[in-house]
Number of protein chains: 4
Amino acid sequence: MASPRSLVDKFCPLPSKRERRKEARPGELLAAALDLFVEKGFAATRSEEVAVRAGVSKGTLFLYFPSKEELFKAVVIENLGGRFTEWNAEFEAFEGTTPEMLRYCMNVWWERVGLTKASGLTKLMMSEGGNFPELAEFYREQVVRPGHDLLRRILQRGIDRGEFAPVDIDHAIYSVVAPMVFLMLWKHSAMVCVDGVSTLDPEKFIATQCDTVLHGLCVRPGSPA
Amino acid sequence: MASPRSLVDKFCPLPSKRERRKEARPGELLAAALDLFVEKGFAATRSEEVAVRAGVSKGTLFLYFPSKEELFKAVVIENLGGRFTEWNAEFEAFEGTTPEMLRYCMNVWWERVGLTKASGLTKLMMSEGGNFPELAEFYREQVVRPGHDLLRRILQRGIDRGEFAPVDIDHAIYSVVAPMVFLMLWKHSAMVCVDGVSTLDPEKFIATQCDTVLHGLCVRPGSPA
Amino acid sequence: MASPRSLVDKFCPLPSKRERRKEARPGELLAAALDLFVEKGFAATRSEEVAVRAGVSKGTLFLYFPSKEELFKAVVIENLGGRFTEWNAEFEAFEGTTPEMLRYCMNVWWERVGLTKASGLTKLMMSEGGNFPELAEFYREQVVRPGHDLLRRILQRGIDRGEFAPVDIDHAIYSVVAPMVFLMLWKHSAMVCVDGVSTLDPEKFIATQCDTVLHGLCVRPGSPA
Amino acid sequence: MASPRSLVDKFCPLPSKRERRKEARPGELLAAALDLFVEKGFAATRSEEVAVRAGVSKGTLFLYFPSKEELFKAVVIENLGGRFTEWNAEFEAFEGTTPEMLRYCMNVWWERVGLTKASGLTKLMMSEGGNFPELAEFYREQVVRPGHDLLRRILQRGIDRGEFAPVDIDHAIYSVVAPMVFLMLWKHSAMVCVDGVSTLDPEKFIATQCDTVLHGLCVRPGSPA
DNA sequence: GATGAATGAGCCTTCATTCAT
DNA sequence: AATGAATGAAGGCTCATTCAT
């Protein structure tokens, strides 16, 4: 009688080792690229390094991504740009007050981006964007604009529901974005620390900044969130 | 007999036009280097560009600075590291209350560094420090440590005079530094702006952060500065 | 007892669709290779392109031809080298006068080679032969020598039969070959045409050159062919 | 008293060895490039080879020519394109009959181009033009068009002076160009020779073709030139 | 047999640095 | 002191060929 194993093999054939590699490859390359781009920057990362860290040869990288720039774009999409549909959906489904929503938004961003390597991409673009205009444009389109749009809708919701004062939304967006960007920069800059000691507590910082922002936005100061 | 002129020449020799240029050379090179390093980053700035912008030839640059790294160090000293003696002296001479002193310190930093190109050096080190460990170490030694030392002395003075609560000084330093670093990064990152619109008002931002910090430091909250 | 069908299968096995494809494979590859070699040259044609145009994968190409060079040799044999037995046979069977024979020979060459893509191989060898000595040697052996041999026999026949003057045959060969080579080069060189206009009429050109050659060869000038 | 030598040195300072190299460099590089392009083709010639043959390093080549394509263009200008002003001037000054002029033109072309390495450039463009459209366009503009223009003027002169029948000039141009192009191709194609023996006599070939052309052009056949 | 993922040698180009003048 | 011609190591990318499936 056939063993359970062989039944599985017959009806649910596992991909061969090679096939498994092939399907995993783009992900491995993107992961290696994220690591290295965040660690060394775009220009200073050599294509071959990315390949080697992903466990393949130079040529293989170019089998999956036609150039270093396209590789970078894919990394941006994978880690930031491609996740806005999900985030936007969460926003549409949110049912609490808008101050709660904003606080949730900032916390979630910190957890899902700020704390991860993806935050290094923002720092990278701020550093090297000027030297790679096409990448900068791509990043603005895929990350900055969707992010601002999401915040704009949140702020507009607060105003529409009478929770926020009718402030200048474009201005208010930066009040929200600024501390988050700051944290991402801070996190990726060993520079600011002497002896490796950083005494900034991100969660507390976020909470404080959130209070400040809501304090400024809410119609009845003193009762945010 | 010597003419009056020759006497002057002997004892108070005015540099000839050529000599004056010669002495100005390093300054012009440092200025050009600061411009370009801030604009494009350390790695992306080509030595020849610096020379050309300074109006000299590639060879001349290496006559004054033995390598691009040494040039960068000189730029750091010229614009940041070398000015701490002056700033420390101002601190020693300051006679007001310590909260006033701290506020003065932050405002002065913004005027003399934040607003100038020198602020780009901080952003640069945060971006590229990881790729150039020797430069990073140099910057920490010449800029970060003296800066922290100065702040430490200010905070200690406040505590010693009973103006500040006896907080953890190392921690408090970052509360002061963080907004300044943030502003420098912000200023040099076109990236964060969509459509070129940035709505952050640095002076107001500084003032607010200063209030917050003092609020946290002062023994009698509500009466800072 | 074997069914009628199986008898047929045994003695006149029709290739299955798969088998037919298998046997056609080299032909499709050779056709694709001819196209591309002629269009872009040997070095500039990528193996994968050939495979793709033939509708197979890169690996399959190397299954049939161990290298790009061998593929090229096969193309040469298929289109030029391998046809000399047939052409030689026609020569042996020809019964007219030798001037008629020569004129026929040139016309036939133009129809069967000059007008077809195969003519591009000659141009290709003239262009790239120097960079691929082994291919050049192969081409000389398989195409140039048999061609010259055929012409030599024709010229010799004319002399033997008293139709041609006893000229230096090796020299005369080139008089015949030159215009044909010229036409093949011309045809594959868009370069010589300004505004895409080429005003050379190949058939007329051949006829003229043939007249000229025969004029020089025939014992009684004025009565060629 | 100063020796004659020192006088020369004083008033006609010879360039230093380095300066002499510098001025000679572009020419040496162009010569090396012409050699190699003609010998191996454009694509198959490696930049470094050109540099080495010119006695310099890889980097130096790019000091004088920003890319391989620009180097090639410079070679074309130097050897073909840039000489049309001179050739056009000769044409303007020519005082004989137009048939004489045409014959002179073909002979001179053979001496100054056909016999030299420059003729290899024509063969090269015919071979690789399709793979390098920008170079092809450049060559057409700089060489083909001026060449045709010159011939057009000659033919027009003959027609205007009643020496040539009023033929279709564009068509006639090719009758003149064809044998010259053919010779250039022939010369650079070892391929057509078995055992290295080519029995084509270029001068005689040119003369014959010239006769043929003039025979077709002249109003009174039989009295060309 | 057929596939196509993987390899790595090779090529064009850049740029910090050197050094003869 | 000043110049700028020269160098050569390094990096992005291509493509013929191999081989596990």
Quiz prompt | Results of side-chain contact (heavy atoms from CB on, under 4.5 Å) for Gln142(D) - residues two or more places apart only | solution = Ile77(D), Phe138(D)
Self-check item: Inter- and intrachain pairs under salt bridge (charged side-chain N to carboxylate O under 4.0 Å, His left out), touching residues 56-65 of chain A, at least two apart
Solution: none
Quiz item: For Thr45(A), what residues pass the side chain to side chain donor-acceptor pair (under 3.5 Å) criterion, not counting sequence neighbours?
Solution: none
Quiz item: Can you name the side-chain contact (heavy atoms from CB on, under 4.5 Å) partners of Thr60(C), sequence neighbours left out?
Solution: Arg25(C), Val56(C), Ser57(C), Tyr64(C)
Exercise. Please state whether the phosphate of dA6(E), meaning OP1 or OP2, lies under 4.0 angstrom from any side-chain nitrogen or oxygen of Thr60(A).
Key: no
Self-check item: Nearest-Å distance for atom pair CG/P, residues Asn131(B) and dG11(F)
Solution: 12 Å
Exercise. Using heavy atoms to find the nearest nucleotide of DNA chain E for Gly59(D) and Ser57(A) separately, return the residue whose nucleotide is more 5′.
Key: Ser57(A)
Quiz item: Glu28(D) CD to dA5(F) P: how many Å, rounded?
Solution: 14 Å
Exercise. Calculate the interatomic distance between Glu23(A) atom CD and dA20(F) atom C1'; express it in whole Å.
Key: 16 Å
Self-check item: Glu69(B): partners by salt bridge (Lys or Arg N to Asp or Glu O under 4.0 Å), with sequence neighbours left out
Solution: none
Self-check item: Parallel, tilted or perpendicular, as decided by the 30° and 60° cut-offs, for the rings of Phe72(A) and Phe37(A)
Solution: perpendicular
Quiz item: Can you name the side chain to side chain donor-acceptor pair (under 3.5 Å) partners of Glu141(B), sequence neighbours left out?
Solution: Arg145(B)
Quiz item: Residues in side chain to side chain donor-acceptor pair (under 3.5 Å) with Glu49(D), at least two apart?
Solution: Lys40(D)
Quiz item: Under a 4.0 Å heavy-atom cut-off, which of residues 38-53 of chain B touch DNA chain F?
Solution: none
Practice problem: Find the distance Leu135(A):CG to dG12(F):C1' and express it as a whole number of Å. | Solution: 14 Å
Quiz item: If you take atom types as modelled and just measure distance, does the side chain of Lys58(A) reach the base of dG10(E) with a donor-acceptor pair under 3.5 Å?
Solution: yes
Practice problem: Measure from CZ on Phe72(C) to P on dT17(F) and round the result to the nearest Å. | Solution: 14 Å
Quiz prompt | Lys/Arg-Asp/Glu bridge criterion (N-O < 4.0 Å) met for Arg53(A), Glu28(A) | solution = no
Exercise. Could you list the residues that satisfy salt bridge (Lys or Arg N to Asp or Glu O under 4.0 Å) with Lys117(D), not counting sequence neighbours?
Key: Asp35(D)
Exercise. Measure the distance from CZ on Arg25(A) to P on dG4(E) and round it to the nearest whole Å.
Key: 16 Å
Exercise. Give, ordered by number, those residues of residues 61-71 of chain D having at least one heavy-atom distance below 4.0 Å to an atom of DNA chain E; if nothing qualifies, reply none.
Key: Phe62(D), Ser67(D), Lys68(D)
Quiz prompt | Intra- and inter-strand pairs of DNA chain F in dot-bracket (Watson-Crick or G-U wobble, both distances under 3.5 Å; | for another strand) | solution = .||||||||||||||||||||
Exercise. State which residues pass side chain to side chain donor-acceptor pair (under 3.5 Å) with Glu39(A); sequence neighbours excluded, sorted by chain then number.
Key: none
